Amino acid sequence: MKTILYSALALAFVLAGSACDSSTTRGSLGKKLSLTKPSNQTLKRGEVNEIAISISRENIDGPVKVKFDRLPKGVEVVEAKEIPADQTRAVYTLHAANDA
């Protein structure tokens, strides 16, 4: 099963977006993937915070892998996972180290 890799843009949407904004990328054979930007959140040193990523897709049958790039130093995604083929949303947990 193919996995769609949605890379660096995901982080930009996560950190800079508001709930109504979205961005779309198009591929060959009519493939289309849109990501709705989550609402702004604050993550302080030593804290854990959950963030929901929502997508819509056309002509994409497999799971979508969301990759977080360029996170601030000391911030990490606790559990890497995919948005399954039959779903349009996943919740990711971010952790900020005490020295972030």
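Because the structure is a prediction, the values reported are computed rather than measured.
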Starting from the C-alpha separation in whole Å, work towards a yes-or-no answer on side-chain contact (heavy atoms from CB on, under 4.5 Å) for L33 and V64. CA-CA 9 Å; L33 181 66; V64 174; 4.1 Å; yes

Heavy-atom pair with the smallest gap, counting every atom of N98 and G46: OD1-CA, 3.2 Å

Can you tell me how far the CG atom of L71 sits from the CG atom of L94, to the nearest 0.5 Å? 6.5 Å

Decide yes or no for R89 and V91: does some side-chain heavy atom of the first lie under 4.5 Å from some side-chain heavy atom of the second? yes

Donor-acceptor under 3.5 Å (R45 side chain, D99 main chain): no

Hey, what do you get for OG1 (T88) to CG (L35), rounding to the nearest 0.5 Å? 11.0 Å

Residues at least two apart in sequence or cross-chain that pass salt bridge (charged side-chain N to carboxylate O under 4.0 Å, His left out) with E58, listed by chain then number, are K32

Donor-acceptor contact below 3.5 Å, side chain K81 vs main chain K65: no

Residues 48-57, side-chain donor-acceptor partners within the protein, below 3.5 Å, at least two apart:
unit_1: N49; atom_1: OD1; unit_2: Q41; atom_2: NE2; d: 2.8
unit_1: N49; atom_1: ND2; unit_2: T42; atom_2: O; d: 2.9
unit_1: R57; atom_1: NH1; unit_2: G62; atom_2: O; d: 2.7
unit_1: R57; atom_1: NH2; unit_2: P84; atom_2: O; d: 2.8
unit_1: R57; atom_1: NH2; unit_2: Q87; atom_2: O; d: 2.5

How close do G30 and N59 get, counting heavy atoms only, and between which atoms? O-ND2, 2.9 Å

If I take atom CG from residue L29 and atom CD1 from residue I60, how far apart are they, to the nearest 0.5 angstrom? 11.0 Å

